[in-house]
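Notes for the one structure printed next.
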Amino acid sequence: MSHASPSLPEELVTALRKAQHIVVLTGAGISAESGIPTFRNAQVGLWAQYSPEDLATPGAFERDPRLVWKWYGWRRSLVEQASPNAGHLALAEIERRVPQLTLVTQNVDGLHQRAGSKHVLELHGNITRVKCSLEHVVIEQWEESGELPPRCPNCGGLLRPDVVWFGEALPERARDEAFSAALFCDLFLSIGTSGLVQPAASLPVVARKRGALVAIINPDEDAEWPADYCVVKGTAGEVLPALVSAAWE
Ligand code: OAD
């Protein structure tokens, strides 16, 4: 994907340079340039016939646990092959340059941590971890008997990815920390998310109400954002490194 270099609002560059506490909310779009498909773009290959909303639910796992396990296995293999992109790296750089940065992600791919970000709150879990579907404890090792999904070595329950599915509660600590950070930040960056899934979608609303500048970084030409948000239409991999340069170089 190649675009002209994005034009950056002066208001955003200044806010970044002066920021005391930034909250960043990321979604699938920040990992698109690492080759991981977003949720609301068409799925590819084998999985094109399914919608993620039909696979990422407790009901889907009850109906067809093997299908759901295999879909996550496919997504996990994409994550393992992927590397952090310029957008992830720029966020780690911003964290090193400002007094406080809280990175809240809806992604389950762990690419922010691999890029060097330190303070990451995972709202939707992490695809590299597995937990027991009955006991909800993380399981590190299990026996591969050929059965899919494999079974919990403690109780025999089916294993599942340690991610949050539609209709499930978010991890409490991450959620509470994200909302209190949104209340007290002076700059809120929303990057690569369609902003359709709650409660994450409320975070920028909370920050804006408390007076923070809210900036959106998203290449979608058709998306509509509130009039008092500062919108930069461009990809994370282009806009974020350009912002770092504009603010500090
Ligand atoms: P979506 O797939 O809904 O949205 C991805 C957003 O990224 C879209 O607005 C795209 O325009 C934008 N985008 C695409 N390429 C981009 C790029 N290179 N740089 C910046 N933005 C780009 O993904 P999410 O908003 O993350 O939840 O979806 C939220 C949640 O819904 C996910 O965490 C997942 C999902 O179903 C669960 O599984 C619970």
Side-chain angles (χ1 to χ4, degrees), residues 1-6 8 24-44 47-48 50-61 68 71-72 74-76 78-79 82-91 103-112 115 120-129 131 160-171 174-175 178 189-205 215-226 229 231-243:
M1 213 181 304
S2 109
H3 289 262
S5 147
L8 301 172
V24 180
L25 172 66
T26 62
I30 194 164
S31 295
E33 286 156 282
S34 294
I36 301 173
T38 63
F39 287 95
R40 287 169 185 81
N41 293 357
Q43 295 220 78
V44 291
W47 300 102
Y50 301 101
S51 98
E53 285 83 351
D54 294 337
L55 293 167
T57 67
F61 189 70
V68 173
W71 184 60
Y72 277 98
W74 171 70
R75 292 191 68 90
R76 197 178 297 121
L78 289 178
V79 166
S83 306
N85 64 53
H88 297 107
L89 294 169
L91 285 179
L103 177 41
V104 184
T105 188
Q106 300 166 89
N107 298 344
V108 295
D109 56 30
L111 287 176
H112 287 302
V120 182
L121 302 175
E122 292 179 320
L123 287 185
H124 292 167
N126 191 304
I127 199 171
T128 59
R129 285 193 308 263
K131 68 177 182 181
R160 56 163 281 183
D162 188 12
V163 299
V164 176
W165 282 332
F166 286 100
E168 292 184 326
L170 268 54
R175 187 203 55 203
L189 304 175
S190 170
I191 306 167
T193 176
S194 52
L196 296 173
V197 175
Q198 292 293 359
S202 295
L203 288 165
V205 179
I216 304 285
I217 298 172
N218 197 309
D220 187 344
E221 291 290 339
D222 303 322
E224 287 178 23
W225 309 104
Y229 286 9
V231 180
V232 185
K233 287 191 179 157
T235 73
E238 296 164 349
V239 174
L240 288 168
L243 260 180

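Remember, it's 1-based here, ligands and their atoms both numbered in the order they're listed. Being a predicted model, the structure only gives us computed values, none of them experimental.
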Q) Based purely on interatomic distance, does T235 place a nitrogen or oxygen under 3.5 Å from a nitrogen or oxygen of ligand 1? A) no

Q.
T193 versus ligand 1: do any nitrogen or oxygen atoms come within less than 3.5 Å of each other?
A. yes

Q. With a cut-off of 4.0 Å, which atoms of ligand 1 are near a heavy atom of G27?
A. 26 (O)

Q: Consider ligand 1: state whether an atom of it lies below 4.0 angstrom from any non-hydrogen atom of L196.
A: no

Q | Candidate pair W71 and Y50, rule ring pair (Phe, Tyr, Trp, His ring centres under 6.0 Å), full reasoning | A | CA-CA 10 Å; W71 184 60; Y50 301 101; 8.8 Å; no

(Q) Are any of the N/O atoms on I30, whether in the backbone or the side chain, positioned under 3.5 angstrom from an N/O atom of ligand 1? (A) no

Q | Part of Q106 with heavy atoms under 4.0 Å of ligand 1, whether side chain, backbone, both or neither | A | both

Q. Considering only heavy atoms from C-beta outward, does the side chain of I30 approach that of L240 to under 4.5 Å?
A. yes

Q | Donor-acceptor contact below 3.5 Å, side chain N107 vs main chain G27 | A | yes

(Q) At less than 4.0 angstrom from any non-hydrogen atom of E33, what atoms of ligand 1 do you find? (A) 17 (C), 18 (N), 19 (N)

Q | Part of A32 within contact of ligand 1 (heavy atoms, under 4.0 Å) | A | side chain

Q: Measure from the side-chain N and O atoms of T57 to the backbone N and O of A60, and report whether any donor-acceptor pair falls under 3.5 Å.
A: yes

Q: Give the atoms of ligand 1, by number and element, whose distance to some non-hydrogen atom of D220 is under 4.0 Å.
A: 11 (O)

Q) Which of parallel (below 30°), tilted (30 to 60°) and perpendicular (above 60°) describes H88 and H112? A) perpendicular

Q. Hey, does the side chain of E238 reach the backbone of A242 with a donor-acceptor pair shorter than 3.5 angstrom?
A. no

Q. Which ligand 1 atoms, with their elements, are less than 4.0 angstrom from a heavy-atom of A28?
A. 23 (O), 24 (P), 26 (O)

(Q) Looking only at distances, can you tell me whether any N or O atom of V197, backbone or side chain, sits closer than 3.5 Å to an N or O atom of ligand 1? (A) no

Q) Mind checking whether L91 and T26 have side chains closer than 4.5 Å, heavy atoms only? A) yes

Q. Is there any N or O on N107 that sits under 3.5 Å from an N or O of ligand 1?
A. no

Q | Backbone N/O of G237 and side chain of E33: donor-acceptor pair under 3.5 Å | A | yes

Q | Side-chain donor/acceptor of H124 to backbone N/O of Q106, under 3.5 Å | A | yes

Q) Does an N or O anywhere in G234 fall below 3.5 Å from an N or O of ligand 1? A) no

Q) Looking only at non-hydrogen atoms, which of N218, L170, V108 approaches atom 10 (C) of ligand 1 most closely? A) N218

Q: Mark up the atoms of ligand 1 that fall under 4.0 Å of a heavy atom belonging to G192, in ascending order.
A: 5 (C), 6 (C), 7 (O), 20 (C), 21 (N)

Q: May I ask you to list the atoms of ligand 1 that are less than 4.0 angstrom from any heavy atom of V164?
A: 37 (C), 38 (O), 39 (C)

Q: Grab the two heavy atoms, one from P241 and one from A236, that are nearest each other, plus how far apart they are.
A: CD-O, 3.6 Å

Q. Would a 4.5 Å heavy-atom cut-off, applied to side chains only, mark P58 and E168 as touching?
A. yes

Q) Would you say P219 contacts ligand 1, with heavy atoms under 4.0 Å as the rule? A) yes

